[in-house]
Amino acid sequence: MADQNTHVVVPGTFDPVTYGHLDVIARACRLFGKVTVAVAASKGKNGTGPAFNLEERCILLERALREVNVTGVTVKPFSGLLMDFCAEEGAVAVVKGLRAMTDFEYELQQADLNWRLGPGVESVFVMSNPEYGYVSSSIVRELASLKSDVSFMVPKCVEVALRAHYGA
Ligand code: PNS
């Protein structure tokens, strides 16, 4: 039963959004009354810049959410600190997915830092659906760049965008 008064943020780079992300967003919707997906401007991993620009990532998220029938979610870009975004939005928690121990160390560091930057904003974690435990945006990008099938990791609209991006 969703807590109608609780506004939470599901943050990420979403380069691109995967079924793993969509699962976490859907579960946040089941638990909380208001969910905003915060898409980070982000310089991308390894300083290479994201494959999709901020606007493209937001559009893909909106399309993907429609494709998997997740409704009532707001998608917003942000470029500063996540805790500042939460304060502006009046959100009381961030919700993230946890896949493996490697995720845990990284996420714990971020949660500790965010607690320092925005005390009072909770970090809530949901264990990733085992079906998507191996799915990550970087794996999707790597497979797509090698012209491999990614349809089991991303919705159709993302698959099409990846094909256009990598020229498959
Ligand atoms: O999908 P990702 O790349 O794991 O998401 C990471 C993200 C965007 C949530 C994180 O990098 C973030 O919060 N960036 C905004 C800048 C910030 O607040 N940094 C301090 C906390 S780590």
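Numbers here are sequence positions counted from 1. Indexing begins at 1, ligand by ligand and atom by atom, following the structure's order.
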Go through ligand 1 atom by atom and flag the ones less than 4.0 Å from a non-hydrogen atom of N114. 21 (C)
Element-labelled atoms of ligand 1 that are located less than 4.0 Å from some non-hydrogen atom of F78: 15 (C)
Judged by heavy atoms only, the candidate from A38, P11, G80, S79 nearest atom 15 (C) of ligand 1 is G80
Quick one: do D23 and R27 make a salt bridge, cutoff under 4.0 Å? yes
List ligand 1 atoms under 4.0 Å from Q110, heavy atoms only on the residue side. 10 (C), 22 (S)
Check: M153 and Y132 side chains under 4.5 Å, non-hydrogen atoms: no
Show me the side-chain donor-acceptor pairs of residues 54-70 shorter than 3.5 Å, one per line, residues at least two apart or across chains.
| from | atom 1 | to | atom 2 | distance (Å) |
| --- | --- | --- | --- | --- |
| E56 | OE1 | N53 | N | 2.8 |
| R57 | NE | F52 | O | 2.8 |
| R57 | NH1 | T13 | O | 2.8 |
| R57 | NH1 | A40 | O | 2.7 |
| R57 | NH2 | A41 | O | 2.9 |
| E67 | OE1 | C157 | N | 3.0 |
| E67 | OE2 | K156 | N | 2.6 |

Where does F85 meet ligand 1, judged by heavy-atom distances below 4.0 Å: at the side chain, the backbone, both, or neither? neither
By number and element, which atoms of ligand 1 are closer than 4.0 Å to a non-hydrogen atom of A40? 8 (C)
Test item, S137 contacting ligand 1 (heavy atom, 4.0 angstrom): no
How does M83 reach ligand 1, if at all, at less than 4.0 Å between non-hydrogen atoms: by side chain, backbone, both, or neither? neither
Hey, does the side chain of H7 reach the backbone of G33 with a donor-acceptor pair shorter than 3.5 angstrom? no
Going by the order shown, which atoms of ligand 1 are within less than 4.0 Å of some heavy atom of K96? 9 (C)
Contact between Y19 and L22 at the side-chain level, heavy atoms closer than 4.5 Å - yes or no? yes
Below the 3.5 angstrom mark, is there an N/O of T13, backbone or side chain, next to an N/O of ligand 1? yes
Answer yes or no for Q109: is there a heavy-atom contact with ligand 1 below 4.0 Å? no
Min side-chain heavy-atom separation D149-L143 under 4.5 Å: no
With E131 via salt bridge (charged side-chain N to carboxylate O under 4.0 Å, His left out) - residues at least two apart: none
Identity of the nearest option to atom 17 (C) of ligand 1, non-hydrogen atoms only, from L117, L81, D112: L81
Side chain R116, main chain A111, donor-acceptor under 3.5 Å: no
Determine whether a donor-acceptor pair (N or O, by modelled atom type, separation under 3.5 Å) exists between the side chain of S137 and the backbone of P16. yes
Quick check: L82 and ligand 1, any N/O pair under 3.5 Å apart? yes
